[in-house]
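Each chain gets a letter, A, B and so on, in the order the sequences are listed, and its residues count up from 1.
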Number of protein chains: 2
Amino acid sequence: MSDSEEHTTDGRQARGNKRRAEIIDATLAVVTRDGAAGVTHRTVAKQAGITASLSTYYFATLDALLVAALSSVADTYTKRIRAIIDGPDDNLRGLAELIVESGGPGRDRALAERELSTLAARRPALAPVARHWRENVAELAATLTDNPQAIDALVAASDGLCTAILIDNIPADTDYVHRVLSQAIGTRRGH
Amino acid sequence: MSDSEEHTTDGRQARGNKRRAEIIDATLAVVTRDGAAGVTHRTVAKQAGITASLSTYYFATLDALLVAALSSVADTYTKRIRAIIDGPDDNLRGLAELIVESGGPGRDRALAERELSTLAARRPALAPVARHWRENVAELAATLTDNPQAIDALVAASDGLCTAILIDNIPADTDYVHRVLSQAIGTRRGH
DNA sequence: CTGATATTTGAACGATAGTACAACTAGAAC
DNA sequence: GTTCTAGTTGTACTATCGTTCAAATATCAG
């Protein structure tokens, strides 16, 4: 935020944006705890420590709220994956670390992303947002290989690994996840 | 059903089981249309052409109904995958065909399975059921390779591919899916 | 036939939801 | 200061929900 913006911005706009973000955070907390089905204006308001009227003031319909919250998760992932791609470290390992976060600090994010793609399966309008994650992972994969099948396999495996971690089907262990990803993309052969 | 069972079975039991199955089918239809969140005794009853009281008679709580419906999907997948393993054809291709069904005749089933695993991420009691799919696919993979990473990569990729098909991110095409699976398991090298 | 049991139906309760709306407060511009 | 606009609050409506319960009907066994 440049200085010029700071002096000309209506303070109420900033307040509104901050409040909007708080509501979205609260929504994601509710999604994590109760699933997308648990998101109501009242549950979110309570979680955010505000009145339900405020929630409806900022998000006119429950639908708008849900879409905004879930879309914000897609944005977060985009940023994270971009950072991995642009960073100095091994992209595949970075991806493995991101996936492993699904079992820890990134659990709410992973759950929300999952709710989004599940919702998108029934709501074509949401599909583009849901595809972001895949597109981002595909972009990262393209830095590792130019084989289309390998790229697609890595994208699919990444998704499946997140789910497996969410349901405690596999260990949230970076080395393990890295090995599976390597297998999928073809840089590791078991025998 | 053997003859002896037919002569000794209380007709009311059969009626009840049939009704129970109808209600579960209606539930899955509602899941497909509106998601798990759309499942209420009333919506299911309407879908099944019965009264809501009947729905609550057979499934005492909404939770019991949801769990039963989603679990039945896991059973269906188990049977299908078992049939592929036991069948005469190529297991990997059979798996590809099963995955491709997610975009067509098996869409409701795939959606329900997805709702189940999403629910299971928040409900540890459901996790064992949600893991069935994975365990079944892993068993099928074990007929193709004994490399643990390859097995895990195939399981993860299968899951991810189903999702991608559900959100129209990839073509529901058997050859394509088969190629990606082959890549993941390591039987195909791009170059 | 009677008594037991399974199935079916409808009414109703308390709770919660989405949403609408009006009044009030706060911030900004002139 | 006044006027406009954004933010905040509380009330209330209609609708739906999960669940409970009792009555009626159908099926089965003796």
Side-chain angles (χ1 to χ4, degrees), chain A residues 1 3-27 29-31 33-70 115 119 123, chain B residues 1 3-27 29-31 33-70 115 119 123:
Chain A
M1 192 165 1
D3 284 347
S4 66
E5 279 173 351
E6 197 167 337
H7 289 308
T8 62
T9 303
D10 185 335
R12 293 174 300 183
Q13 293 246 31
R15 173 117 52 109
N17 290 335
K18 181 169 177 290
R19 181 70 78 184
R20 208 171 273 111
E22 286 170 4
I23 294 170
I24 286 177
D25 285 345
T27 304
V30 172
V31 167
R33 191 183 67 222
D34 303 324
V39 173
T40 69
H41 276 300
R42 289 175 169 91
T43 56
V44 168
K46 186 170 183 183
Q47 177 74 28
I50 58 173
T51 63
S53 298
L54 211 47
S55 175
T56 60
Y57 175 79
Y58 283 101
F59 299 96
T61 64
L62 189 64
D63 198 59
L65 174 58
L66 199 55
V67 170
L70 298 183
E115 295 282 356
L119 201 55
R123 303 202 20 197
Chain B
M1 191 169 356
D3 283 347
S4 69
E5 281 175 346
E6 196 167 339
H7 287 305
T8 64
T9 302
D10 185 334
R12 293 176 300 187
Q13 292 247 33
R15 174 118 50 116
N17 289 335
K18 181 168 176 296
R19 181 69 79 185
R20 210 171 272 112
E22 285 170 4
I23 294 170
I24 285 179
D25 285 346
T27 304
V30 172
V31 168
R33 193 184 65 221
D34 303 323
V39 173
T40 68
H41 277 298
R42 290 174 169 90
T43 56
V44 167
K46 186 170 182 182
Q47 178 74 30
I50 58 173
T51 63
S53 300
L54 212 48
S55 173
T56 59
Y57 175 77
Y58 283 101
F59 299 96
T61 65
L62 189 64
D63 198 60
L65 173 59
L66 202 53
V67 169
L70 299 182
E115 295 282 356
L119 201 54
R123 309 228 343 227

Colleague: Can you tell which of C:dT9, D:dT5, D:dT27 lies closest to the side chain of B:Arg12?
Modeller: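 For B:Arg12, the side-chain atoms sit closest to D:dT27.
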Colleague: Write down the atom of B:Ser55, the atom of B:Ile50, and the distance for their closest heavy-atom approach.
Modeller: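 So the two residues come closest at N-CD1, 4.1 Å.
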Colleague: Verify side chain to side chain contact (heavy atoms under 4.5 Å, CB included) between A:Arg42 and A:Lys46, making sure each step is shown before the conclusion.
Modeller: CA-CA 6 Å; A:Arg42 289 175 169 91; A:Lys46 186 170 183 183; over 6 Å; no
Colleague: Select one nucleotide: of C:dA26, C:dT19, D:dG18, the one nearest the side-chain heavy atoms of B:His41.
Modeller: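 Between C:dA26, C:dT19, D:dG18, the one nearest the side chain of B:His41 would be D:dG18.
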Colleague: N/O contacts under 3.5 Å, protein versus nucleotides 22-24 of chain D?
Modeller:
none

Colleague: Less than 4.5 Å apart, any side-chain heavy atom of B:Asp34 and any of B:Gln47?
Modeller: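 No; the side chains remain at least 4.5 Å from each other.
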Colleague: Looking only at side-chain N and O atoms, does A:Arg19 come under 4.0 Å of OP1 or OP2 in D:dT8?
Modeller: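 For D:dT8, OP1 or OP2 has a side-chain N or O of A:Arg19 closer than 4.0 Å.
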Colleague: Expressed as a whole number of angstroms, how long is the span from A:Leu62:CG to D:dT16:P?
Modeller: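 Answer to the nearest Å: 16 Å.
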Colleague: Send over the distance from A:Gln13 CD to D:dT5 P, rounded to a whole Å.
Modeller: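 Rounded to the whole Å, the gap is 13 Å.
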Colleague: CZ of A:Phe59 versus C1' of C:dG18: gap in Å, rounded?
Modeller: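 Rounded to the whole Å, the gap is 16 Å.
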Colleague: Base, sugar-phosphate, or nothing for A:Thr40, non-hydrogen atoms under 4.0 angstrom?
Modeller: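 Sugar-phosphate: the residue A:Thr40, judged by heavy atoms under 4.0 Å, touches backbone atoms but no base.
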Colleague: To the nearest Å, give me how far apart CD1 (A:Ile23) and C1' (D:dT8) are.
Modeller: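 It works out to 11 Å between those atoms.
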Colleague: Across the strands shown, which category fits B:Leu54 at heavy-atom distances under 4.0 angstrom: base, sugar-phosphate, nothing?
Modeller: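 Answer is base: heavy atoms of B:Leu54 come under 4.0 Å of a base.
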Colleague: What is the distance from CG of A:Asp63 to C1' of C:dA17, rounded to the nearest Å?
Modeller: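 My rounded result for the distance is 15 Å.
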Colleague: Mind running side chain to side chain contact (heavy atoms under 4.5 Å, CB included) on B:Phe59 and B:Ile24 for me, showing each step along the way?
Modeller: CA-CA 10 Å; B:Phe59 299 96; B:Ile24 285 179; 3.8 Å; yes
Colleague: Hey, does the side chain of B:Tyr58 come within less than 4.0 Å of C:dA6's phosphate (OP1/OP2), counting only N and O?
Modeller: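 False: B:Tyr58 side-chain N/O out of range (4.0 Å or more) of C:dA6 OP1/OP2.
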Colleague: So what does B:Arg15 touch, heavy atoms closer than 4.0 Å: a base, only the sugar-phosphate, or nothing?
Modeller: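 Sugar-phosphate, backbone atoms only, no base.
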Colleague: Please state how far atom CG in B:Asn17 lies from atom P in D:dT27, giving the value in whole angstrom units.
Modeller: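 That distance rounds to 16 Å.
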Colleague: Does the side chain of A:Val39 reach to within under 4.5 Å of the side chain of A:Glu115, using non-hydrogen atoms?
Modeller: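 The answer is no; the side chains never approach within 4.5 Å.
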Colleague: Using whole Å, what does the distance between atom C1' of nucleotide D:dT8 and atom NZ of A:Lys18 come to?
Modeller: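 After rounding, the gap between these two atoms is 15 Å.
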Colleague: Please name the pair of heavy atoms, one in A:Ala37 and one in B:Ala37, separated by the smallest distance, quoted to 0.1 Å.
Modeller: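 For A:Ala37 versus B:Ala37, the nearest heavy atoms are CB-CB, 3.6 Å.
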Colleague: Ignoring hydrogens, what is the shortest heavy-atom contact between A:Gly38 and A:Thr43? Give both atom names and the distance.
Modeller: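 Looks like O-OG1, 2.9 Å.
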Colleague: Please give, in whole Å, the distance from C:dA17 C1' to A:Arg42 CZ?
Modeller: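 Atom-to-atom, A:Arg42 to C:dA17, this comes out as 6 Å.
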Colleague: Is there a side-chain contact between A:Tyr57 and the phosphate of D:dT8, meaning an N or O under 4.0 Å from OP1 or OP2?
Modeller: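 Negative; the distance criterion is not met.
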Colleague: When you measure from the side-chain N and O atoms of B:Thr51 to the phosphate of C:dT9, is any distance below 4.0 Å, counting only OP1 and OP2?
Modeller: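 B:Thr51 to C:dT9 OP1/OP2: side-chain N or O found under 4.0 Å.
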